[in-house]
Trainee: 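Mind having a look at this structure? Questions to follow.
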Amino acid sequence: MKGKLMLGALLVALPAAAQAMDVGTFLAKADGLEKSGMMALFSSDYGLLKRETEADVQALVAEARAAKAAGRPHAFCPMPGKMGLASNEIIAALRTVPVAQRPHTDVKEPLRALLSRKYPCG
């Protein structure tokens with residue numbers, strides 16, 4: 001019984017943990033970190049935002065590569081090796097989302113637009 005209860009709790013928690021971060025939440029956390037100065041590096045939010053960005057970029061790269069392999073159009077052409085995105089580029093891309101849409105926009109969407117500008121196909 002105890003094992004089933006723990007499994008049930010884990011299954012309930014998984015969707016919340018796997019849920020993508022919205023632009024409004026990301027920017028609120030980033031603004032808080034900016035106000036913290038050098039202490040931001042020790043904040044759990046710093047790691048959270050870094051992991052969110054890395055996971056979203058990896059997912060977008062995988063999506064683009066899969067589309068290319070299938071002969072479908074894709075938003076950008078990933079470069080071999082590591083593609084560089086500076087934090088100021090990422091924040092600027094997220095700030096292009098209108099304030100009213102930020103709570104309803106996944107971070108991946110402005111990242112996709114940034115990658116398509118920075119790494120166009122052709």
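For the single chain, residues carry numbers from 1 onward in sequence order.
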Trainee: Going by the side chain to side chain contact (heavy atoms under 4.5 Å, CB included) test, name the single residue among Asp45, Thr105, Val107 that passes it with Phe26.
Mentor: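 Running side chain to side chain contact (heavy atoms under 4.5 Å, CB included) over Asp45, Thr105, Val107 with Phe26 returns exactly one hit, Val107.
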Trainee: Do you see a donor-acceptor pair shorter than 3.5 Å between the side chains of Asp22 and Thr25?
Mentor: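 Judged by distance alone, the side chains do pair up.
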Trainee: When rounded to the nearest 0.5 angstrom, what is the spacing between CG in Leu115 and SG in Cys77?
Mentor: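 Between Leu115 CG and Cys77 SG, I get 11.0 Å after rounding to 0.5 Å.
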Trainee: State, to 0.1 Å, how close Ala93 and Pro110 come at their nearest heavy-atom pair, and which atoms those are.
Mentor: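 That closest heavy-atom pairing would be O-CB, 3.5 Å.
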Trainee: Rounded to the nearest 0.5 Å, what separation is found between the CD1 atom of Ile90 and the CG atom of Leu85?
Mentor: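 So the gap between those two atoms works out to 5.0 Å.
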Trainee: If you round to the nearest 0.5 Å, how far is CG of Leu48 from CE of Met21?
Mentor: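 If I round to the nearest 0.5 Å, the distance is 4.0 Å.
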Trainee: Going by the side chain to side chain donor-acceptor pair (under 3.5 Å) test, which pairs reach into residues 87-101, not counting sequence neighbours?
Mentor: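 Listed by first then second residue: Asp31-Arg95, Glu89-Lys118.
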Trainee: Is there any salt bridge (charged side-chain N to carboxylate O under 4.0 Å, His left out) pair reaching into residues 100-110, and which pairs are they, with sequence neighbours excluded?
Mentor: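 Found Glu109-Arg112.
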Trainee: Tell me the closest heavy-atom pair linking Ser116 and Ala75, and the distance in Å.
Mentor: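 Scanning both residues, the minimum pair turns out to be CB-O, 3.0 Å.
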Trainee: So with a 6.0 Å cut-off around CD of Glu54, is the heavy-atom count from everything else above 12?
Mentor: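 Buried by this count: over 12 neighbours within 6.0 Å.
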Trainee: Taking side chain to side chain donor-acceptor pair (under 3.5 Å) as the cut-off, I'd like each qualifying pair that reaches into residues 71-80, sequence neighbours left out, listed once.
Mentor: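 For residues 71-80, and leaving out neighbouring residues, there are no side chain to side chain donor-acceptor pair (under 3.5 Å) pairs at all.
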Trainee: Verify, without hydrogens or angle tests, whether Arg51 (side chain) and Gly47 (backbone) share a donor-acceptor contact under 3.5 angstrom.
Mentor: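 Yes; at least one donor-acceptor contact below 3.5 Å.
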Trainee: Check the pair Phe76, Leu114 against side-chain contact (heavy atoms from CB on, under 4.5 Å), reporting the backbone distance first and the verdict last.
Mentor: CA-CA 9 Å; Phe76 68 99; Leu114 172 61; over 6 Å; no
Trainee: With a sphere of 6.0 Å drawn around OH of Tyr119, does it hold more than 12 non-hydrogen atoms of other residues, nucleotides or ligands?
Mentor: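 Above 12, so yes.
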